[in-house]
There are 2 protein chains.
Amino acid sequence: MDLPHLRYFLAVVDRGSIKAAAASAGVTEPSVSQGIRALEHELRTLLFRRIGRGMVPTSAGHALVGPARRLLRDIASAGGSVTDTDSRLRGQLTIQGRPRFSLGCHE
Amino acid sequence: MDLPHLRYFLAVVDRGSIKAAAASAGVTEPSVSQGIRALEHELRTLLFRRIGRGMVPTSAGHALVGPARRLLRDIASAGGSVTDTDSRLRGQLTIQGRPRFSLGCHE
DNA sequence: CTGCGTTACGGTTTGCGTAACGATC
DNA sequence: GATCGTTACGCAAACCGTAACGCAG
């Protein structure tokens, strides 16, 4: 599963059209269309119903919205956590030891 | 950020070595090594301290462990949510309308 | 000398953009 | 006719595996 594709998916859900989603994501329309297709193929489920020129989420599409939002939020959280930790001034003393003799104390 | 790379990262943290992590992930050692390098380059932070032949997580590495685990858990949750919704039998009537006349009611 | 991590290199996959087509209003 | 979504095609980037190197024990 590709993260950009998941971003495209949420953009389409929010904007309601591929054109607007592509513009907001900074890519072209075929990229979004193919990305949605890749997601649908990977999940083996139809995510949108093509009605006229609009994109309406199916029940599976609706089910994916929540987890997808949480996932992208966690991505930012993951990236931020390391930079926060790094910016905060702190020291660390790393001491690595290896057992020279095993005494039957295996984990 | 690539999901497989994040998986490699957690595998290295858990196993403590690249060789074991590669074996558990079903790939070869250079893939894991390059994946970790890619993560470190993208986050512009050193994730591991190379001590002898062991891999010890830095403070930034430790900070990434929690969010990374939650992220991979959410991935599975996202994939499962759509299949669960799909397997459950349910109907849906989609009615899509477009405003024919704008009356100053814009969101 | 053995084992582990890294680097170099080639192959393959695939995501993206440009261009052209079909469908809807 | 205008606009939106899709398909076709070519390119580029990136991931992975094989092979070779450096280094610690």
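Note that the structure is a prediction, hence the values are computed from the model and not measured. Lettering of chains follows the sequences in order, A, B, ..., and the numbering in each one begins at 1.
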(request) Specify the separation, in whole Å, of atom CD of B/Glu42 and atom C1' of D/dC15. (result) 14 Å
(message) Can you tell whether the side chains of B/Arg69 and A/Asp74 come within less than 4.0 Å, N to carboxylate O?
(response) no
(request) Can you see which heavy atom on B/Ala63 is nearest to which on B/Pro67, and at what distance? (result) O-CD, 3.1 Å
(request) Please state whether the phosphate of D/dG25, meaning OP1 or OP2, lies under 4.0 angstrom from any side-chain nitrogen or oxygen of B/Arg53. (result) no
Distances under 3.5 Å between nitrogen or oxygen atoms of protein and nucleotides 12-22 of chain C:
from   : atom 1 : to      : atom 2 : distance (Å)
C/dC16 : OP1    : A/Tyr8  : OH     : 2.9
C/dG17 : OP2    : A/Thr28 : N      : 3.2
C/dG17 : OP2    : A/Thr28 : OG1    : 2.9
C/dG17 : OP2    : A/Ser31 : OG     : 2.5

(request) Look at the side-chain heavy atoms of Ile, Leu, Val, Met, Phe, Trp and Tyr, link any pair under 4.5 Å apart, and say whether A/Leu64 and A/Leu10 land in one connected group. (result) yes
(message) Whole angstroms only, please: what is the CZ-C1' distance between B/Phe9 and D/dC15?
(response) 20 Å
(message) Please list all pairs meeting salt bridge (Lys or Arg N to Asp or Glu O under 4.0 Å) that have one or both residues in residues 20-33 of chain B, counting only residues at least two apart or in different chains.
(response) B/Lys19-B/Glu29
(request) Measure from CD1 on B/Ile51 to P on D/dG25 and round the result to the nearest Å. (result) 11 Å
(request) Quick one: pull up CD in A/Gln34 and NE2 in A/His5 and give me the separation to the nearest 0.5 Å. (result) 8.0 Å
(message) Tell me the interatomic distance from A/Arg37, atom CZ, to D/dT7, atom C1', rounded to whole angstroms.
(response) 9 Å
(request) Please examine the side chains of B/Leu39 and B/Tyr8, heavy atoms only from C-beta on, and report whether any two atoms are closer than 4.5 Å. (result) no
(message) Tell me the interatomic distance from B/Ile18, atom CD1, to D/dA24, atom P, rounded to whole angstroms.
(response) 16 Å
(request) Give a yes/no on whether any side-chain N or O of B/Ser33 is located under 4.0 angstrom from OP1 or OP2 of C/dG5. (result) no
(request) Take atom CD of B/Glu40 and atom P of C/dG5, then tell me their distance rounded to the nearest Å. (result) 14 Å
(message) From CD1 of B/Ile36 over to P of C/dC4, roughly how many Å is that when rounded to an integer?
(response) 17 Å
(request) Can you tell me the distance, in whole Å, between the NZ atom of A/Lys19 and the P atom of D/dT6? (result) 13 Å
(message) Would you compute the distance between atom CG of A/Asp2 and atom CZ of A/Arg7 and round it to the nearest 0.5 angstrom?
(response) 10.0 Å
(request) Give the angle between the helix axes at the two ends of the helix from C/dC1-D/dG25 to C/dC25-D/dG1, taking five base pairs at each end and rounding to 10°. (result) 30°
(request) For residues B/His62 and B/Val13, determine if any side-chain heavy atom of one lies less than 4.5 Å from a side-chain heavy atom of the other. (result) no
(message) I'd like to know if A/Arg50 and A/Glu40 make a salt bridge, using a cut-off of under 4.0 Å between side-chain N and carboxylate O.
(response) yes
